[in-house]
Structure formats: structure tokens, C-alpha cells
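Every chain is numbered from 1, with letters handed out A, B, ... down the list of sequences. Values below: all heavy atoms of this structure, side chains included; hydrogens, waters and symmetry mates excluded.
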There are 2 protein chains.
Amino acid sequence: MHDVARLARVSVSTVSYVLTGARPISQATRDKVLAAMAELDYQPNAMARGLASRRSRIVGLLMPMDERGLGATETAFVTGAAAAASAAGYHLVLSPVGAGDVDDLRRLASQRMLDGAVLMEVQVEDGRVAALQEAGVPLVLIGRTGDTTGLSYVDIDFEQTVREAVDHLVGLGHRRIVYVNHSAATIAAGYGPAVRTRDAFVAAMADHGLAPIMIPAEDSAAGGRAALTAALAQAPDLTAVLAMNENAIFGILGELATRGHAVPRDVSVVSMVTSPQVAELAHPALTAMTSPGSALGRIAVEALLRHLEGAGDTHQQLLPCALEVRGSTGPAAGARDRTDPAGSGPPVT
Amino acid sequence: MHDVARLARVSVSTVSYVLTGARPISQATRDKVLAAMAELDYQPNAMARGLASRRSRIVGLLMPMDERGLGATETAFVTGAAAAASAAGYHLVLSPVGAGDVDDLRRLASQRMLDGAVLMEVQVEDGRVAALQEAGVPLVLIGRTGDTTGLSYVDIDFEQTVREAVDHLVGLGHRRIVYVNHSAATIAAGYGPAVRTRDAFVAAMADHGLAPIMIPAEDSAAGGRAALTAALAQAPDLTAVLAMNENAIFGILGELATRGHAVPRDVSVVSMVTSPQVAELAHPALTAMTSPGSALGRIAVEALLRHLEGAGDTHQQLLPCALEVRGSTGPAAGARDRTDPAGSGPPVT
DNA sequence: GTGAAAGCGCTAACAA
DNA sequence: TTGTTAGCGCTTTCAC
């Protein structure tokens with residue numbers, strides 16, 4: 001920096017101000033400095049800047065990494081967030097910090113490495129929130145904790161998303177619709193998406209004067225198979241499945257095929273919060289509620305950066321998923337012979 | 001730190017030495033200092049340490065993020081790497097830097113934020129390597145560039161992996177085996193895994209006196225369907241498919257089902273470099289070559305840290321995938337009526 | 001085994 | 001509009 005200043009025949013502070021833009025610099029001077037920087041291939045030292053300014057210009061994206069991996073949906077969060085950070089001159093670092101290893105996070109935060117953080121896969125009770133708040137690190141959630149007072153978040157509008165999915169199916173004439181959620185344990189733990197979609201499903205069905213049928217499923221193909229078996233036991237006359245569980249969906253499809261139920265002729269299937277890539281993996285391709293992936297990431301980072309600039313108001317926003325009709329939904333079959341039509345109301349002839 | 005020193009009645013340098021372990025400290029003094037640090041809930045400032053020591057204690061995991069997302073395999077790399085870094089007192093930050101945005105990387109590197117880097121999804125010609133080398137940032141690859149002279153890497157032993165897969169199938173009596181690779185464009189671009197497995201397949205088949213049949217496939221379910229169609233056209237009597245393409249595999253399975261070929265009764269399927277999670281998604285579950293995911297990440301970071309400590313030798317290592325037999329492979333059907341047995345050698349009676 | 005003090009490369013008052 | 005300079009919080013010689 002010294003060298004740049006000398007070459008441009010200005011003081012080091014002028015070079016610094018050109019860099020930070022913290023005070024007006026005449027065009028002539030700025031050009032000289034810029035030329036010198038280019039000439040010397042100068043790059044400011046991040047540590048020194050961080051120490052002097054007390055801002056690292058790094059924001060963390062805290063992203064639990066379980067063995068399941070990242071779906072296309074989560075990846076979209078990341079790319080959206082990274083783009084937004086980069087555009088604002090910040091570095092976005094991903095940190096595989098889950099709700100479990102809060103200690104790791106506490107250290108990271110106390111060491112003043114992070115100017116702020118975006119939390120993914122937020123739990124109802126999420127230790128990471130308190131850890132960051134105690135360390136004085138501004139944060140924005142993707143998802144929601146139980147109590148969001150004073151917290152900024154961006155989340156999927158599950159109510160609206162479920163409603164749209166149900167409307168789509170009801171519009172096709174379906175009346176016996178099963179909702180396959182996450183596992184019972186997950187729901188009991190109060191996992192937001194599971195709880196909210198459950199409640200929304202009950203409400204949406206009620207609006208159509210229909211009875212909700214709901215089945216939990218473990219996050220695996222086997223879980224999906226078991227869930228469908230349970231669903232058929234409970235509602236042999238079901239004509240549509242709405243599934244929240246991206247891991248179980250393939251099991252559901254497999255079990256439907258095994259039992260000779262054709263999709264969408266016999267049973268229509270809608271997958272929630274699913275990326276187009278995953279939807280295309282199935283055959284027929286899945287009608288799905290596509291999550292606003294990169295938009296969520298971008299908005300979260302933009303809100304965070306606004307906080308860093310000192311804007312004190314909290315940002316709370318919900319975005320719906322978009323219905324994308326593919327091959328897995330069709331008109332409800334009218335009368336069909338089933339092994340046991342009981343429980344579906346008066347038998348259809 | 002000043003406060004810690006005063007409370008412990010030692011000098012700041014002593015506190016620093018307790019922190020870094022750069023010189024012997026008597027047990028009594030160390031205890032006093034540690035007690036003071038705990039008392040004051042002291043956390044050293046990462047920026048200041050980085051500036052003074054010229055080492056950030058951050059290593060980057062450079063991980064291209066395309067829209068497909070991260071598979072379970074890549075996730076295992078990450079968790080393995082993060083664990084290894086954390087154990088050594090380093091922070092592992094993931095950076096979504098692909099072979100494309102080298103400029104971003106160049107900036108990151110020149111700003112001295114990274115003590116070192118691990119590169120994932122390395123291309124044959126990967127601009128990231130030169131960018132890091134020019135910036136003087138030590139690096140380790142997961143995968144390999146075309147010329148690995150002087151570079152450290154950890155990669156999958158594709159030769160051995162393909163050999164084991166072929167041996168498994170031949171051991172079951174299969175002789176007409178089709179290899180479904182990545183797309184022709186990917187192979188032409190010299191993508192390592194595609195090229196290496198192709199060559200290994202030819203060699204392994206030759207060892208058994210068999211003729212290799214190979215079909216490229218786009219990375220999608222549709223690509224898999226097309227590939228299987230092409231394969232059946234070329235070798236109507238095929239009894240086994242070995243697939244490298246995790247995205248195409250579901251299309252292959254779907255097309256087999258559509259055509260009425262049962263797995264594994266009519267056709268056996270082996271999936272390469274596949275995580276157990278994905279293998280379990282299919283029905284029947286896929287016999288697969290499971291990649292040594294977390295081990296790759298761990299070994300890469302350990303090698304990198306050794307470089308940071310000044311060890312100058314390059315680390316080059318190959319790890320094979322492990323064969324995990326599930327439901328998608330079985331004995332080759334002997335004689336079966338096919339539409340066209342021609343091209344399979346003398347007809348079997 | 002410990003302490004004193006000179007930076008690390010920048011930013012941001014303060015001064016002009 | 002620009003220059004001067006005192007730190008930012010630590011590490012690491014150099015001295016004892």
C-alpha cells in the first residue's frame with residue numbers, strides 16, 4: 001500500500017480512501033491511485049483491513065450437513081446467497097455448522113471472523129441463534145424459530161403453498177387426498193415445515209369440505225413405501241398423494257407401481273418444495289411445488305447486509321412455492337373397483 | 001489479552017505463548033493464564049492473530065456448485081474435511097468457487113485469507129490451480145488435473161473400482177455388459193472420471209476376453225432412457241449394465257421397467273461411485289461401488305495441513321470404491337429369447 | 001522460563 | 001480535497 005501511495009504520489013490514507021470510498025476523492029487522484037494499484041498488481045490484505053476496521057467483510061452461511069447431502073433446493077439457497085454477497089463486495093463462506101455443534105459456532109463468532117450470518121435449516125429451538133446473539137453477530141434466518149420476536153427471517157409460505165397444491169388436486173376432482181409428511185418424531189420435535197404444512201393441509205382440506213388424511217414417513221424410500229401402505233390401509237379409495245418428504249417420494253412411487261396403481265391414472269402425486277431436477281428424476285415427472293430457492297438466499301443476504309449497514313428494523317418475509325404441473329397429476333378416476341371401498345362414504349356405483 | 005495478562009500477573013507475550021505453544025511455559029504460569037482466560041471469557045481476535053502471524057488458520061474447500069446440488073458423496077467429502085480441519089484447530093470454509101469464476105478465487109487468494117485450499121471436482125484443465133499457485137497458496141486436489149507434476153491429490157482409484165465391478169458381474173456369469181458413461185461432450189472434454197473409467201472398462205473386459213460395449217448418456221433421467229435404448233439397439237442380448245452416471249441411472253431403471261426387463265432377473269445393474277443413500281432410493285436397491293467419501297476429504301485436508309507445516313513432498317494417493325452388493329445384481333440369465341440374439345457370438349441353445 | 005517492544009498492513013480520527 | 005498519525009489485537013524477535 002505504501003508502494004502504491006508512493007507510485008501515485010499521494011499518501012497512504014488517500015489510497016485507503018480510494019479503496020473504502022469512505023470519503024470523496026477527486027477523479028484525477030482516484031485515477032492515479034487506481035493506475036498504481038493495477039501497475040503493482042496490488043491486493044489489500046484482508047486481515048489487516050479486518051483488524052483496522054473491525055469488520056471482516058465475511059458473512060457466514062451456516063448450513064447443517066447431514067449425511068443426506070444437499071438437495072438442489074438448498075444448493076439454490078447457496079448460489080443465490082453467494083451471488084448477493086459477492087455483488088456487495090462481501091465474501092460468503094459456508095460453514096457446516098449444525099444445531100449440534102454450537103461450540104464451534106460460538107468460537108467462530110467470538111473470534112470476530114463473521115460480520116454476520118445466515119442460518120439455514122433453522123430448528124424451532126435453535127442454539128445457534130442464542131450463540132450468535134450473545135456474540136453480537138447479526139443474523140438472518142432461512143426458516144423460522146418458534147419465537148421470531150426481533151429476528152429477521154425469510155421462509156417459504158407453507159400455508160399458501162399447501163393451499164395451492166390442494167386446490168390443484170381438488171380442481172382435478174380429487175377428494176380423497178393423503179398428505180405424507182416427515183416422520184412422527186420430526187413433527188413431534190416441532191420442525192417448522194412439518195408442523196406448518198400439517199396445519200395448512202387440515203385447513204385447506206376443510207375449506208373444500210374434505211377430511212384430511214395424514215401419514216408420517218421416515219426420510220427414506222423405505223419410509224415412503226411404508227407410508228403408502230399405511231395410507232392405503234387407512235384410505236383404500238385415495239386418489240391423490242401430496243408428499244412433503246423428498247426422500248420418501250421415490251418409495252411412494254415405487255410402492256404405487258408395485259401395487260399396480262398407475263400414476264396419474266389411478267393416483268395423482270404432488271411433491272412439495274421440490275426442485276425441478278428432482279421432479280424430473282421420476283417417471284412420469286412429478287408435478288411439484290417448486291421452492292423459490294435462489295431468491296430465498298439472495299433476500300436473506302440482502303437483509304443481512306442491510307443490518308450490517310446499521311438498519312435496525314427486522315425483515316420478515318414469506319415466499320410461496322410455485323406450482324409446476326408435470327406428468328404425475330391428472331383427473332381423479334371416478335368409480336373404480338377397489339379391494340375395500342369402505343370408509344370413503346357412500347359406495348359409488 | 002492485556003486484561004488476561006494483568007489478571008494472571010504475567011506479560012502479554014506470555015499469554016500469547018500459552019495460546020500458540022510456540023515456546024515452553026511452566027505449568028504454574030500456564031495454569032494461571034488459562035484460569036484468567038476462562039475468568040474473562042477471553043477469545044483471541046482472529047484478524048489480529050492473522051495479521052501478526054501472517055496465517056489465517058483458514059483453509060478453503062473450493063466446491064463448484066452447479067444447479068444439480070451436492071450428492072451424498074460430495075457431502076461426505078465436506079464433512080470428512082471439516083472434521084479433519086477442526087481437529088487441527090483450523091477453520092474450514094467452503095467456497096462455491098467453480099472452474100468458472102477464477103477471478104473471485106484470485107481475489108480471495110491474493111488477499112491472504114486462505115492458508116491453503118482443497119479443490120473439489122477438479123477439471124483436466126482447471127484454472128483454479130494456476131490462480132492459487134500464482135498467489136502462493138498451497139493446495140491439494142480431490143480429483144486430478146491432466147498434469148499432476150508437483151501437485152498433491154487424492155482421488156478415486158477408477159481403474160480398480162471398474163475392475164471390481166466388472167469382476168462382480170462376470171463372476172455372476174454376465175458376458176454382455178454395457179458401460180453407461182457420462183455424456184459424449186463430457187468425455188471429449190477429458191473429464192477425468194469419464195475418461196479413466198472408460199479406459200478401465202475396456203481393459204477389464206479385455207482381461208476377461210470380452211468385448212466392451214459403451215454408451216454415453218446425458219446427465220438426466222431422459223439421458224439414461226435414451227442410453228438404454230441405444231444400448232439395446234447395439235446389444236439386444238445385454239444382461240448387465242454398469243453405470244457411472246448417477247443422474248442417468250434412474251432413467252435406465254425406468255426404461256428397463258418400461259420394456260419389461262426385470263432387475264436383476266433379466267438385467268443386472270451396478271452403479272459406480274454412488275452413495276448408499278442414493279443406492280437405496282431405487283427398487284430394488286442398487287448394487288453399487290461406494291465411494292470413500294469422508295476418507296477422501298479427511299486425507300486431503302491432512303495432506304494440506306502437512307504442507308502448511310512446511311512438508312514439501314507431494315501427496316498423491318488413490319482410493320478404491322467398495323463393492324456393496326444389493327438387490328440389483330444377480331446371476332446372468334442363461335439362454336433367453338430375445339428379439340435379436342445376433343452379435344452375441346454363437347447362439348446358446 | 002519470562003518480559004519489553006517493534007511491528008503485521010491497514011483504517012479513521014484529527015489536522016490542514 | 002488531501003496528509004499525518006495513532007492505533008486495531010495480536011505475534012515474535014531480542015534481551016534477560
*Is A:Gln316 reaching over with its side chain to a backbone N or O of A:Leu151, donor-acceptor style, under 3.5 angstrom?*
yes

*asked:* Judged by each residue's nearest nucleotide on DNA chain D, which is more toward the 5′ side, B:Gln43 or A:Gln27?
replied: A:Gln27

*Which nucleotides of nucleotides 11-16 of chain D have their base under 4.0 Å from a protein heavy atom (B), which only their sugar-phosphate (S), and which neither (-), written as one string 5' to 3'?*
BBBB--

*Would you mind telling me which of D:dG3, C:dC10, C:dG1 lies closest to the side-chain atoms of B:Pro24?*
C:dG1

*Interatomic distance, B:Asn45 CG vs D:dG7 C1' [rounded to whole Å]*: 14 Å

*Rounded to the Å, how far apart are B:Met113 CE and C:dC10 P?*
13 Å

*asked:* What is the separation between atom CG on B:Leu51 and atom P on C:dA6, rounded to the nearest whole Å?
replied: 17 Å

*Does some side-chain heavy atom of B:Leu108 sit less than 4.5 Å from a side-chain heavy atom of B:Ser95?*
yes

*Starting from P on C:dG9, measure out to CZ on A:Arg6 and report it in whole angstrom.*
14 Å

*Send over the distance from A:Asp3 CG to C:dG9 C1', rounded to a whole Å.*
12 Å

*Keeping the roles fixed (side chain from B:Ser56, backbone from B:Met113), state whether a donor-acceptor pair exists under 3.5 Å.*
yes

*What's the CG-C1' distance between A:Asp31 and D:dT1, to the nearest Å?*
15 Å

*Going through the distances and angles, do B:Ser16 and B:Ser13 end up as a side chain to side chain donor-acceptor pair (under 3.5 Å)?*
CA-CA 5 Å; B:Ser16 172; B:Ser13 60; over 6 Å; no

_Heavy atoms of other groups near B:Gln317 CD, more than 12 under 6.0 Å_ = yes

*Sequence neighbours excluded, which residues qualify as side chain to side chain contact (heavy atoms under 4.5 Å, CB included) partners of B:Asp126?*
B:Ala99, B:Val122, B:Gln123, B:Arg128, B:Val129, B:Thr145

*Round to the nearest Å and state the distance from B:His2 atom NE2 to C:dG3 atom C1'.*
12 Å

